[in-house]
Amino acid sequence: MLLGIDHLVIAVADPDVAAASLESELGLVAAGGGRHATGTGNRLIFLGDAYLELIGVWDRALALTHPIGAAVVRALDADAPGLVTFALATDGARREVMALRAAGSPISEAIAGSRTRPDGEVVAWQCSFPPRLGPAEPPFLIEHELSGPEWGADARRARASFVHPFGGAARLVGVELVVPDPAAVAAGYASVLGIGVLPGPGAAPGEREVRIGEHVVRLVPARGDDAAAPRSAAPPHAAAPSLSPAARVGISGTGGTRVLCDLFGVRWARL
């Protein structure tokens with residue numbers, strides 16, 4: 001069963017620098033991360049059981065051998081950091097994939113993955129990928145191994161009540177993606193994942209949305225102010241930018257004030 005958004009994959013030149021920027025601007029602290037054997041490294045910002053993955057490349061050749069690494073390389077080569085894909089959590093990756101492939105989906109078989117933390121602990125999971133990753137492509141599926149320092153019961157309880165530097169707990173609300181043709185992108189979600197992304201209540205013409213678990217995914221068409229999204233952060237004192245990044249992320253907080261800022265190709269709203 002699909003449980004909701006698991007994590008957002010944000011390509012950045014330097015995950016440590018990106019984590020410091022998010023902490024400074026949004027008051028969200030990175031509490032995990034490490035290296036993948038496939039040439040990428042990350043910092044993780046947990047929002048309950050969902051999280052933000054700030055991911056960079058330490059070995060280009062290795063990164064190009066993996067679907068996520070290749071998507072990150074493409075983004076960074078184009079000097080276009082930002083959201084390159086996202087994952088949906090499932091409680092049964094192999095079962096889910098078997099059913100989808102039986103129905104004609106081109107999704108891959110489940111592939112085992114792992115990451116070694118700085119403390120030497122290994123975190124493991126299984127993923128299944130659509131034919132291509134990208135902001136206008138279907139997300140991939142992930143099932144975490146529910147044990148160890150990040151996904152064991154104690155770790156999950158601790159982050160459910162974790163207080164970020166802004167002064168409260170944080171949860172992911174959803175993601176809004178500016179895409180060339182929401183209807184075509186929605187068709188991809190349906191054919192690969194069996195998910196219907198329909199015109200939402202009150203949505204503007206052309207917009208589509210779907211709720212998966214407690215999260216909302218919204219597809220919106222590019223308009224005049226989306227034609228050339230800025231790729232760098234606006235200074236804290238600057239006026240609201242006139243051009244919109246192609247990915248917008250909503251995060252709820254139990255404390256602090258509302259914040260809106262653009263960082264590495266994403267518009268962040270702490271609500």
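With a 4.5 Å cut-off on side-chain heavy atoms, Thr257 and Phe166 do not count as touching. Side-chain contact between Pro182 and Glu207 is absent, with no heavy atoms from C-beta onward closer than 4.5 Å. Between Pro81 and Ile10, every side-chain heavy-atom pair lies at or beyond the 4.5 Å cut-off. When side chains are defined from C-beta on, Leu52 does not count as touching Phe46, because their heavy atoms never get closer than 4.5 Å.
At distances below 3.5 Å, not a single donor-acceptor pair connects side-chain atoms of Arg270 with backbone N or O atoms of Cys261. Between the Arg43 side chain and the Leu54 main chain, no donor and acceptor come within less than 3.5 Å of each other. A donor-acceptor pair is defined here as one N or O able to donate and one able to accept, closer than 3.5 Å; no such pair exists between the side chain of His215 and the backbone of Val210. One N or O on the side chain of Ser21 and one on the backbone of Val17 form a donor-acceptor pair closer than 3.5 Å. No donor-acceptor pair under 3.5 Å is formed between the side chain of Ser114 and the backbone N or O of Ala124. A donor-acceptor pair is defined here as one N or O able to donate and one able to accept, closer than 3.5 Å; no such pair exists between the side chain of Gln126 and the backbone of Ala93. The main-chain N or O of Val197 is found under 3.5 Å from a side-chain atom of Arg208 such that the two form a donor-acceptor pair. For the pair Thr85 (side chain) and Gly134 (backbone), a donor-acceptor distance under 3.5 Å is absent.
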Q: Quick one: do Phe140 and His7 satisfy ring-ring contact (aromatic ring centres under 6.0 Å, His included)? Show the steps, please.
A: CA-CA 10 Å; Phe140 63 101; His7 66 281; 5.7 Å; yes
(Q) Go through it in stages, so that I can follow the logic: the residues are Phe129 and His66, the test is ring-ring contact (aromatic ring centres under 6.0 Å, His included), and I'd like the CA-CA distance, side-chain angles, deciding distance and then a yes or no. (A) CA-CA 10 Å; Phe129 298 99; His66 190 275; 5.5 Å; yes
Q: Evaluate side-chain contact (heavy atoms from CB on, under 4.5 Å) for Ile68 paired with Thr40, printing each intermediate quantity in order.
A: CA-CA 9 Å; Ile68 295 175; Thr40 54; 6.0 Å; no
Q) Please walk me through it: do Ile107 and Val97 pass side-chain contact (heavy atoms from CB on, under 4.5 Å)? A) CA-CA 7 Å; Ile107 198 165; Val97 167; 4.3 Å; yes
Q.
Determine whether Leu172 and Leu8 satisfy the following criterion, side-chain contact (heavy atoms from CB on, under 4.5 Å), listing intermediate values before the conclusion.
A. CA-CA 10 Å; Leu172 180 67; Leu8 307 180; 4.3 Å; yes
Q: Evaluate side-chain contact (heavy atoms from CB on, under 4.5 Å) for Leu88 paired with Ile142, printing each intermediate quantity in order.
A: CA-CA 6 Å; Leu88 298 179; Ile142 188 168; over 6 Å; no
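Under the 6.0 Å distance and 45° angle rule, Arg258 does not count as a cation-pi partner of Trp268.
Both Leu44 and Trp125 are assigned to one and the same hydrophobic cluster, defined by single-linkage of ILVMFWY side chains at heavy-atom distances under 4.5 Å. At a threshold of 4.5 Å between side-chain heavy atoms, the hydrophobic network of Ile, Leu, Val, Met, Phe, Trp and Tyr places Leu83 and Ile55 in two separate groups. Cluster annotation: Val175 and Leu133 are assigned to distinct hydrophobic clusters (Ile/Leu/Val/Met/Phe/Trp/Tyr, side-chain heavy-atom contacts under 4.5 Å, transitive). Under a hydrophobic-cluster definition in which Ile, Leu, Val, Met, Phe, Trp and Tyr are linked whenever side-chain heavy atoms come within less than 4.5 Å, directly or via other members, Leu193 and Val185 are assigned to the same cluster. One hydrophobic cluster, built from ILVMFWY side chains closer than 4.5 Å, holds both Ile251 and Val217.
Pro180 and Ala136 get closest at one heavy-atom pair: CD-CB, 4.3 Å. Residues Val84 and Ala11 come closest through the heavy atom pair CG1-CB, 3.8 Å. Taking every heavy atom of both residues into account, Ala269 and Leu260 meet most closely at CB-CD1, 4.1 Å. Contact between Gly41 and Pro15 at its shortest, heavy atoms only, is O-CG, 3.6 Å. When all heavy atoms are compared, the tightest approach of Pro135 to Val179 is O-CG1, 4.1 Å. Pro245 and Val178 make their closest contact through O-CG2, 4.1 Å (heavy atoms, listed as atom of the first residue, atom of the second, distance).
When only modelled atom types and interatomic distance are considered, Asp6 and His144 share a side-chain donor-acceptor pair under 3.5 Å. A donor atom on one side chain and an acceptor atom on the other are found under 3.5 Å apart for Thr90 and Glu96.
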Identify each donor-acceptor pair in which a side-chain atom of residues 26-35 lies under 3.5 Å from a protein atom, sequence neighbours left out, and give them as a table.
none

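Atom CZ of Arg267 is separated from atom CZ of Arg248 by 6.5 Å, given to the nearest 0.5 angstrom. With rounding to the nearest 0.5 Å, the separation of CE in Met98 from CD in Glu109 is 8.0 Å. To the nearest 0.5 Å, atoms CD1 (Ile45) and NE2 (His164) are separated by 7.5 Å. The distance from the CD atom of Glu23 to the CD atom of Glu25 is 11.5 Å, given to the nearest 0.5 Å. To the nearest 0.5 angstrom, Glu209 atom CD is 4.5 Å from Arg218 atom CZ. One finds the CG atom of Leu47 at 8.5 Å from the OG atom of Ser252 (value rounded to the nearest 0.5 Å).
Taking the charged nitrogens against the carboxylate oxygens, Arg171 and Glu214 have no contact shorter than 4.0 Å, which rules out a salt bridge. Taking 4.0 Å as the cut-off between side-chain N and carboxylate O, Arg117 and Glu150 count as a salt-bridged pair. By the 4.0 Å N-to-carboxylate-O rule, Arg157 lies close enough to Asp154 to be salt-bridged with it. Note on Arg115 versus Glu53: no salt bridge recorded, every NZ/NE/NH1/NH2 to OD/OE distance being 4.0 Å or above.
Under a 4.5 Å side-chain heavy-atom criterion applied to ILVMFWY residues, the cluster that includes Leu3 comprises Met1 as well.
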